[in-house]
Protein chains: 2
Amino acid sequence: MRVVLALGGNALLHRGERPDAEPQRRNVVQAVASLAPLTRAHELVITHGNGPQVGVLAMESAADTSLSRPFPLDPLGAETQGLIGYWLAQGLGNALPGRRVIALLTQCVVDAADPAFGRPTKFVGPTYDEADARALAAERSWVVAPDGQKWRRVVASPEPRRVVEVEVVRLLVEAGVVVVCAGGGGVPVVETPLGLEGVEAVIDKDLTSALLAEALGADALLLLTDVDGVETDFGRPGSAVIRSTTPAEMRARSFPTGSMGPKVEAACRFVERTGGVASIGSLTDAAGVLAGMAGTRISAPTTG
Amino acid sequence: MRVVLALGGNALLHRGERPDAEPQRRNVVQAVASLAPLTRAHELVITHGNGPQVGVLAMESAADTSLSRPFPLDPLGAETQGLIGYWLAQGLGNALPGRRVIALLTQCVVDAADPAFGRPTKFVGPTYDEADARALAAERSWVVAPDGQKWRRVVASPEPRRVVEVEVVRLLVEAGVVVVCAGGGGVPVVETPLGLEGVEAVIDKDLTSALLAEALGADALLLLTDVDGVETDFGRPGSAVIRSTTPAEMRARSFPTGSMGPKVEAACRFVERTGGVASIGSLTDAAGVLAGMAGTRISAPTTG
């Protein structure tokens, strides 16, 4: 089977941990131990989030007085792909002696006319007092918004349209290489008359993973995180993990927009467009999730 | 022809420029304009330096109070590979419509017993007063040394032994993909019983490029920088660019250890080990340097 597997941010940084290098490297070693069995049996493409890491780099860049202005989000996202790609490729390579593993820098095209650019929703970077936030917004053409008691920059999260490097990913997967790519959803770029150009946005990594899985003709899409699966009524008494369902049943429910919502949307899209299977479950039992023994399995309804 | 082409740090950041994102992105667009003609005619692998970029990230990480300790050099180097790989891959992709371009995260094995670890020579990161430098050295097991009036951390620059991802590079080059890799000489790693592990060092990117060129069976190694070529007596009256020479002639001369020395050493090694041609010259005339019309061309002596 060809499997696209998306790792949540918690694969690298557990809740409450400081964003130091060492715990992240250690967590990666744990995470790949769960993935290694899959990699022996299947063609594997691994994608990953970058939220905490891009937040750290955005904050550091904003505080760097040697710069005239902080780095935009596209080079910062590229830095996190190098960072996390290094840890994952090294960890997987160590867990799979003799198997070739590579991390690729990945861009993802978004539409410059995407309505998301008109209503930015994703907080990025450090917090500010309102006055400072407004001053920075004026100086740097940022949009800022209140985040609790403080203010932060908000950026758009447009729809991923095309993974630029998909044909190279396909070539490598078909040659038996384990590919780490599409980190943070891919560096967001728009098409211009001069070619591709980075844009200040963030892309949902699960939606990009679904797009990538579709383009690669993958049989399965695994969205791995730190919960056992999708629950019927998250946080309420009597809530239970949904074991097996269809996109139509999932679309009839509602899920938290910030966390599980995009995962469910990504899984449904993949199943609807390809007839493949999408699963959402715990990183600690990747093999069980793929086998349908754990997690939430979403597949097309059986007909007839 | 198969060509490995190493870009000096000046390809991204011209002398005296601030390390902002925008000038670097603009400089990359200029640099790739010089490389695009080569790419149309030859198989091309592009490597690059990362000195100024890793310096910025090391300084930012050292100043980040959300961290218990600054990031080690291996993840910082990986970040610069993502950053510069993104700019180069995007710039080359735009300059070469229809051609596939990819940036790969690259590790380079060094020997844990390399004598360089006993005498670190490369300055990295911010400057400190002597007392602060010594305190940090004690706390973080750093070696520090005076750099002019201030003190800085110094790290080892061991010999590159093996580019971990070389077989993936070969596979892609043979499929017609332009590959950007080995940024900053590759992330330095050592072999341990548990596999590869990052190490606090920097690797000379020209030496790694020579090793990569040899492993790939390249016909030519181009080391491109901001000078016209190797001079007979750099900085002295009457000095002239050497046009065509042999490794033996070059080894009989002496060159500045910090800048031209490693380039000459890398070029000589490639020619001695492979019989190929190595050239050192200006990035602004890459095609002329490859054709032997510009720069310093080092090749095996004609026999007979």
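Counting heavy-atom pairs closer than 4.5 Å to chain B, the top residue among A:A78, A:A175, A:A89 is A:A78. Most heavy-atom pairs under 4.5 Å with chain A, from the set B:Q81, B:R100, B:E165: that is B:R100. Looking only at heavy-atom pairs under 4.5 Å with chain A, the residue among B:G195, B:G91, B:G93, B:G82 that has the most is B:G82. When the candidates A:V177, A:I84, A:D74 are compared by the number of heavy-atom contacts under 4.5 Å with chain B, A:D74 comes out ahead. Note: B:S68 leads B:S68, B:A95, B:P19, B:P97 in heavy-atom pairs under 4.5 Å with chain A. The candidate from B:L57, B:V56, B:T80 with the greatest count of non-hydrogen atom pairs under 4.5 Å with chain A is B:L57.
For A:Q107, the part lying near chain B is the side chain, with the backbone staying farther off; criterion is any non-hydrogen pair under 4.5 Å. For A:S61, the parts lying near chain B are the backbone and the side chain together; criterion is any non-hydrogen pair under 4.5 Å. Of the atoms belonging to B:L194, it is backbone heavy atoms, and not side-chain ones, that fall under 4.5 Å from chain A. For B:A103, the parts lying near chain A are the backbone and the side chain together; criterion is any non-hydrogen pair under 4.5 Å. Only the side chain of A:V189 comes within contact range of chain B, with at least one heavy atom under 4.5 Å from a heavy atom of that chain. Only the backbone of B:E197 comes within contact range of chain A, with at least one heavy atom under 4.5 Å from a heavy atom of that chain. Of the two parts of B:Q90, the backbone and the side chain both hold a non-hydrogen atom closer than 4.5 Å to a non-hydrogen atom of chain A. In this structure, the portion of A:L172 lying under 4.5 Å from any heavy atom of chain B is its side chain and not its backbone. Proximity to chain A (any heavy atom under 4.5 Å) is shown, for B:L67, by both the backbone and the side chain.
A:Y86 contributes atom OH, which lies 11.5 Å from atom CD of B:E79 (distance to the nearest 0.5 angstrom). Separation of atoms CG (B:L76) and CG (A:L83) is listed at 8.5 Å; rounding is to 0.5 Å. Here the OG1 atom belonging to B:T65 is positioned 9.5 Å from the CD atom belonging to A:E60, to the nearest 0.5 angstrom. Interatomic distance, OG1 of B:T192 versus CG of A:N94, reported as 6.5 Å (0.5 Å rounding). Distance CD/A:E174 to CG/B:L171: 11.0 Å, rounded to 0.5 Å. Residue A:L105 holds its CG atom at 10.0 Å from CG of B:L88, rounded to the nearest 0.5 Å.
Considering only heavy atoms from C-beta on, A:S66 stays 4.5 Å or farther from B:R18 through its side chain.
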B:F71 vs A:Q24, side-chain contact (heavy atoms from CB on, under 4.5 Å): CA-CA, chis, key distance, verdict: CA-CA 11 Å; B:F71 271 35; A:Q24 298 195 68; 4.0 Å; yes
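Heavy-atom neighbours of B:Q149 CD from other residues, nucleotides or ligands within 6.0 Å: at or below the threshold of 12.
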